[in-house]
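Since the structure comes first, as structure tokens, the remarks are kept for the end.
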Amino acid sequence: MPSAHNETGKEGSLLPRILGGSGADKSDYPFIVYLQNASDKSFCGGSIISDQWILTAAHCIKSASPSDISVYIGQFQYNPDPSKSSAVSEVHNHPQYDDSTMINDISLLRLTDRITGKKASTIDIDTSTVGDGTQVTALGWGYTSETETTPSTDLMKVDLTTLSQAECGTKDTKFTGNDGARICVASDNGKATCPGDSGGPLIRSISGNNVLVGITSFGTGGPGQSVTVNCGGAGMVSLFTHAAYFKTFIDTTTGGLRKIESTKDGSNNDR
């Protein structure tokens, strides 16, 4: 789901926002970040999966160079201040990412400096079966209504339920089931993700711990639908890149994931 701007030419309407959601308790989600792409003048979300790596959507990055990207860590209100951003040293879009179909919509950003800070922590990638009818939660600072043109100041969340291939396949012909490359949820009930939420985390709780299931990618009303179709409107679905499906790409690119280290006194330093 594109960030600050809409795109045409995809398989549907790409209009992601946290619609029908609620305010998120910041202390529950220390793994979420937001990022700005100066090349596209857009903003997106992301997830801390290692002490030096951010996972986001490839459509948030496209051809941007590392110097174009600013990452904001441990800041739960959307209020970009370049002096408080973290620099990116490497950008790794999936080599088979297709901007016309949103296939392989996943990107890894390597930070120049390792993350240290009690306001930030890593999130583990969920490698268990997703399946149909699974309760998941999307997070982001995206628009909160169809008429908004600026991001939400506060971090928002929305609870969603995964759809079956029979329910979603007619809307997204590339969807093969929730344990494939994409995860599909209904977004025609007034709850959805929208611009600004792109690249952000789709999570669920397992044994009381939040785990990363997916990456916000795009929303569609079906093949050929125009961008005038409202996000969260009748017949809409939202699609997420399934993080575990791309575990080999993640492991090969990062060389292994490391937790954020604590200081000798057992606490993390403030950024």
Side-chain angles (χ1 to χ4, degrees), residues 1-4 14-35 43-49 54-57 60 71-80 119-126 128 130 133-148 150-163 178 182-219 230-233 236-244:
M1 303 173 181
S3 49
L14 305 183
L15 293 169
R17 64 177 72 75
I18 291 288
L19 184 68
S22 59
D25 186 338
K26 305 170 185 62
S27 63
D28 290 337
Y29 311 109
F31 50 83
I32 191 171
V33 304
Y34 60 86
L35 56 94
F43 70 95
C44 279
S47 301
I48 303 170
I49 59 168
I54 304 298
L55 189 67
T56 188
C60 290
V71 178
Y72 292 83
I73 298 167
Q75 299 176 51
F76 297 105
Q77 285 200 318
Y78 185 80
N79 184 26
K119 294 181 180 178
S121 68
T122 52
I123 184 171
D124 292 331
I125 294 172
D126 179 17
S128 60
V130 178
T134 300
Q135 298 297 306
V136 289
T137 300
L139 300 166
W141 289 268
Y143 306 171
T144 56
S145 76
E146 290 89 343
T147 58
E148 290 289 341
T150 56
S152 168
T153 300
D154 297 316
L155 178 64
M156 304 292 287
K157 67 177 181 177
V158 62
D159 295 328
L160 304 163
T161 303
T162 60
L163 297 177
N178 294 297
R182 287 175 172 170
I183 294 167
C184 183
V185 305
S187 60
D188 60 358
N189 57 358
K191 295 183 178 182
T193 48
C194 296
D197 299 319
S198 293
L202 181 73
I203 64 171
R204 65 171 163 172
S205 178
I206 295 181
S207 301
N209 295 314
N210 288 321
V211 288
L212 182 65
V213 179
I215 305 160
T216 303
S217 186
F218 71 100
N230 286 337
C231 176
M236 292 289 290
V237 296
S238 293
L239 282 301
F240 299 80
T241 303
H242 186 186

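The figures here come from the full heavy-atom set of this structure, side chains too, leaving out hydrogens, waters and symmetry mates. Position 1 is the first residue of the sequence; numbering continues from there.
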Shortest non-hydrogen contact from [X] toward [Y]:
X	Y	result
N210	D28	ND2-O, 3.2 Å
T216	A57	O-CB, 3.9 Å
T134	T162	N-OG1, 2.8 Å
L35	G45	CD2-O, 3.8 Å
T122	I49	CG2-C, 3.9 Å
S47	P201	OG-CB, 3.2 Å

To the nearest 0.5 Å, what is the distance between [atom1] ([X]) and [atom2] ([Y])?
X	Y	atom1	atom2	answer
I73	I48	CD1	CD1	5.0 Å
Y29	I203	OH	CD1	5.0 Å
F31	L55	CZ	CG	12.0 Å

Among I125, I215, V130, the one residue meeting side-chain contact (heavy atoms from CB on, under 4.5 Å) with H242: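 Filter result, single survivor: V130.
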Reference residue L212; test side-chain contact (heavy atoms from CB on, under 4.5 Å); the match among I123, D124, L202: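 Single pass found, and it is I123.
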Backbone N/O of N79 and side chain of Y72: donor-acceptor pair under 3.5 Å: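 It does not hold such a pair.
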Between D159 and T137: side-chain donor-acceptor atoms closer than 3.5 Å: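 Distance-only check passes for D159 and T137.
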Polar side chain donor-acceptor pair, S128 to D126, under 3.5 angstrom: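 Present: a donor and an acceptor within the cut-off.
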